[in-house]
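Taking it in order: structure first as structure tokens, then the write-up.
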Amino acid sequence: MQIKTRFAPSPTGFLHIGGVRTALFCWLFARHAGGKFVLRIEDTDARRSTPESIDAILQGLEWVGLDWDEGPVFQSDRFARYTELATALLARGQAYHCYCTPEELAAMREAQIAAGQNPRYNRKCRDGAAPRAGISPVVRFKTPRDGEITIHDAVRGPVVYANAELDDLVIMRADGSPTYHFSVVIDDADMQITHVIRGDDHLNNTPRQINLIEALGFGRPEYAHLPMILGEDGTRLSKRHGAVNILEYREQGYLPDAVLNYLVRLGWSHGDQELFTLDEMIELFRLEDVNASASRFSSEKLAWLNQQYIIRSPAAELAPGLDAQLRAIGLDPDSGPAVADVIEGFRERATTLRELAEACGYLYRDFDAFEAKAAKKHLRPVIRDGLNDLREAFAELGGWEAAAIQATIQAVADRRELGFGKLGQPLRVAVTGGGVSPPIDVTIELVGRERSLTRIDAALAYIDARAAAAEHR
RNA sequence: GCUCCCUUCGUCUAGCGGUUAGGACACGGCCCUCUCAAGGCUGAAACACGAGUUCGAUUCUCGUAGGGAGCGCCA
């Protein structure tokens with residue numbers, strides 16, 4: 001049997017981290033088994049579905065690299081099929097027309113809650129109701145009144161529900177469109193989905209769907225309900241905290257593989273391993289290793305993983321991303337060193353490509369002033385001669401590579417009887433404007449000869465002005 | 001309210017009857033060191049509670065508490 005999973009988002013908003021995790025697990029399971037992964041858009045509710053959401057979902061999945069083998073299948077293209085099966089259920093007496101109005105149902109629900117009862121449809125129309133003028137009926141499914149449904153969930157084990165707890169759900173709306181429960185069940189069967197892997201929030205829906213499956217004469221898929229991902233504060237992910245569009249992570253300079261690596265460890269583990277290549281994930285992923293409890297999203301751990309990926313990825317792979325980040329913050333990548341070289345120098349110092357771009361700004365744009373604190377501490381008259389020697393030595397230096405630059409600094413430091421750092425740190429401030437950068441030789445190489453010389457000149461002028469000011473006091 | 005699910009360091013997790021309860025992030029210390037990082041070593045830090053089952057429970061069962069989900073002509 002061909003293993004087949006599906007990711008079935010509804011296009012009513014952007015794709016967020018929770019959706020990506022669900023898609024990832026579906027994808028991993030299918031890839032591991034050599035099966036198929038299908039993308040299906042659940043857009044039966046025309047009022048809430050938007051083309052922008054569809055676009056955001058497709059883009060998001062493409063960005064993280066979760067590619068699908070079939071689809072996207074749109075449920076809105078399959079209405080004829082749903083109608084056909086609803087008609088069949090009606091004909092067989094397994095479903096019925098219900099003329100209760102939304103207002104009546106709402107009132108009923110309220111009354112039930114007020115009376116401390118379980119809110120559910122009272123089955124008023126179940127045994128035949130006369131058509132009411134001006135009201136187009138919905139179709140309701142006749143849920144069995146007794147018996148029970150046992151789900152054998154791959155992550156939770158057996159879960160039992162009594163049919164008596166369930167009510168008769170609407171399967172076709174008054175406007176003739178199908179509802180979620182009806183369309184999922186039909187599509188999963190028609191598409192021959194073998195494993196339904198989805199969020200925990202669907203566990204309670206499963207017995208209703210199984211009753212429908214049985215009425216329709218379909219076979220049951222295997223089920224796996226994944227634990228939820230909570231926001232950083234431990235509450236449900238929502239627009240207010242954490243539930244940002246997955247594409248935001250791209251904007252912020254996260255790497256798709258790092259995001260997937262982070263997500264795969266939320267609810268799944270393989271011993272103590274933290275870092276997984278995509279191939280390893282595929283090879284090692286098993287539903288039995290998915291745990292059942294909800295987890296919190298941690299942006300700190302994501303940041304750490306992203307840094308690990310930045311450190312380990314070939315510079316050439318990272319270069320386009322850094323290029324884009326530089327442009328995004330208003331820098332011109334062509335006005336400085338090759339971005340791949342910058343990555344080599346900065347990769348251990350940045351958590352995201354955005355951060356990296358921000359840290360290396362002085363390579364692409366001149367700065368107006370030295371950072372006050374760093375300048376005060378390091379650009380002092382005592383170091384003037386040393387800096388001046390450095391300036392001259394750099395001007396005459398044959399090549400412009402880190403090793404030669406390092407040797408030059410060392411030579412000047414020796415001649416002036418200074419520790420390397422005593423000279424290096426003032427030089428760093430002179431050339432970068434601040435006190436933090438990659439190793440000074442690498443930094444100077446990246447800044448370039450011309451810029452380095454003019455910046456050292458500026459530092460010398462700064463020191464002179466400072467000395468003059470001190471004298472006048 | 002009813003039904004269902006969940007519960008190991010602050011967080012992500014390993015554990016699948018007998019362990020000094022392991023790893024990772026974050027945090028502290030030390031080392032390395034031209035700054036900042038990265039890296040190495042190291043420290044503090046957890047089995048929600050109560051009953052059972054058992055020679056023995058973090059592990060199995062049942063309660064309690066806490067958290068979550070569902071109960072739509074949303075998905």
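Convention: sequence-line order gives letters A, B, ...; per-chain numbering from 1. All values derive from a computational prediction rather than experimental measurement.
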Checklist entry - Aromatic ring centroids of Y309(A) and W304(A) under 6.0 Å? => result no
Item to check | Exam field: side chain R6(A) to backbone V38(A), donor-acceptor pair closer than 3.5 Å | outcome: no
Checklist outcome for this item: Of A75(B), A37(B), A24(B), the nucleotide closest to the side chain of H202(A) is A75(B)
Next on the checklist: Any non-hydrogen side-chain atom of L216(A) less than 4.5 Å from a side-chain atom of I213(A)?
Outcome noted: no
Next on the checklist: If I take atom CD in residue E358(A) and atom C1' in nucleotide C36(B), what distance separates them, rounded to the nearest angstrom?
Outcome noted: 16 Å
Checklist entry - How many Å lie between NZ on K376(A) and C1' on U35(B), as a whole number? => result 19 Å
Checklist entry - Hey, does H16(A) have a side-chain heavy atom less than 4.5 Å from the side chain of V244(A)? => result no
Item to check | Centroid-centroid under 6.0 Å between F37(A) and F7(A) rings | outcome: no
Checklist entry - For I171(A), which of V139(A), L85(A), V138(A) qualifies under side-chain contact (heavy atoms from CB on, under 4.5 Å)? => result V139(A)
Checklist entry - Which part of the nucleic acid, if any, lies within contact of S437(A), taking any heavy atom under 4.0 Å across all strands shown: a base, the sugar-phosphate backbone alone, or nothing? => result base
Item to check | Rounded interatomic separation in angstrom, taking CZ from R208(A) and P from A75(B) | outcome: 14 Å
Item to check | Whole-Å gap separating P (G68(B)) and CZ (R236(A)) | outcome: 11 Å
Next on the checklist: Pick the closest RNA chain B nucleotide for A174(A) and for Q307(A) by heavy atoms, then say which residue is nearer the 5' end.
Outcome noted: Q307(A)
Checklist entry - T44(A) near the nucleic acid: base, sugar-phosphate alone, or nothing, with a heavy-atom cut-off under 4.0 Å? => result sugar-phosphate
Checklist outcome for this item: Out of A38(B), C2(B), A75(B), minimum distance to the side chain of E165(A) belongs to C2(B)
Checklist entry - Hey, what's the ring geometry for H202(A) with Y180(A), parallel, tilted or perpendicular (30° and 60° as the breaks)? => result tilted
Checklist entry - So what's C34(B) paired with, Watson-Crick or G-U wobble, going by both distances under 3.5 Å? => result none
Checklist entry - Is the base of A69(B) touched by the side chain of N204(A) through a donor-acceptor pair closer than 3.5 angstrom? => result yes
Checklist entry - Using a cut-off of 4.0 Å on non-hydrogen atoms, how would the nucleic acid contact of V160(A) be classed: base, sugar-phosphate, or nothing? => result sugar-phosphate
Checklist entry - Among A69(B), C4(B), C34(B), which is the nearest nucleotide to the side chain of D201(A)? => result A69(B)
Checklist outcome for this item: The nucleotide from G1(B), A38(B), C36(B) with an atom nearest the side chain of P119(A) is G1(B)
Checklist entry - Between G22(B) and C9(B), how far is it from one C1' atom to the other, in whole Å? => result 12 Å
Checklist entry - Could you give the CG-to-P distance, from L305(A) to G23(B), as a whole number of Å? => result 18 Å
Next on the checklist: Rounded to whole Å, please give me the gap between CG in N118(A) and P in G1(B).
Outcome noted: 12 Å
Checklist outcome for this item: To the nearest angstrom, the CG-C1' distance between N205(A) and A69(B) comes to 10 Å
Checklist entry - Should G1(B) form a Watson-Crick or G-U wobble pair with both distances under 3.5 Å, which nucleotide is its partner? => result C71(B)
Next on the checklist: Could you identify the nucleotide paired to U54(B), looking across every strand shown and requiring Watson-Crick or G-U wobble geometry with both distances under 3.5 Å?
Outcome noted: none
Next on the checklist: Please check this pair: side chain of D168(A) against backbone of R123(A), looking for a donor-acceptor N/O pair closer than 3.5 Å.
Outcome noted: no
Next on the checklist: Applying the Watson-Crick and G-U wobble criteria at under 3.5 Å, what pairs with U7(B)? Answer none if nothing qualifies.
Outcome noted: A65(B)
Item to check | Residue whose nearest RNA chain B nucleotide is more 5′ - V436(A) or A8(A) | outcome: V436(A)
Checklist entry - Looking at Y96(A) versus F141(A), is the centre-to-centre ring distance below 6.0 Å? => result no
Item to check | Residues touching RNA chain B, which here means a heavy atom under 4.0 Å, drawn from residues 143-159 of chain A | outcome: R156(A), V159(A)
Item to check | Closest non-hydrogen atom pair between T44(A) and S183(A), with its separation | outcome: CG2-OG, 3.7 Å
Next on the checklist: If I take atom CZ in residue R47(A) and atom C1' in nucleotide A75(B), what distance separates them, rounded to the nearest angstrom?
Outcome noted: 13 Å
Checklist outcome for this item: For C27(B), the nucleotide meeting Watson-Crick or G-U wobble distances (both under 3.5 Å) is G43(B)
Checklist entry - Which parts of nucleotides 40-49 of chain B does protein reach within less than 4.0 Å, heavy atoms only, written one letter per nucleotide 5' to 3' as B for base, S for sugar-phosphate only and - for none? => result ----------
Close N or O pairs between protein and nucleotides 8-13 of chain B (under 3.5 Å):
unit_1: C12(B); atom_1: OP1; unit_2: R296(A); atom_2: N; d: 2.9
unit_1: C12(B); atom_1: O2'; unit_2: R265(A); atom_2: O; d: 2.9
unit_1: U13(B); atom_1: OP1; unit_2: G267(A); atom_2: N; d: 2.4
unit_1: U13(B); atom_1: O3'; unit_2: S269(A); atom_2: OG; d: 3.2

Next on the checklist: Need one value for G424(A): base, sugar-phosphate or nothing, where a base atom within 4.0 Å counts as base even if backbone is also close, heavy atoms only.
Outcome noted: nothing
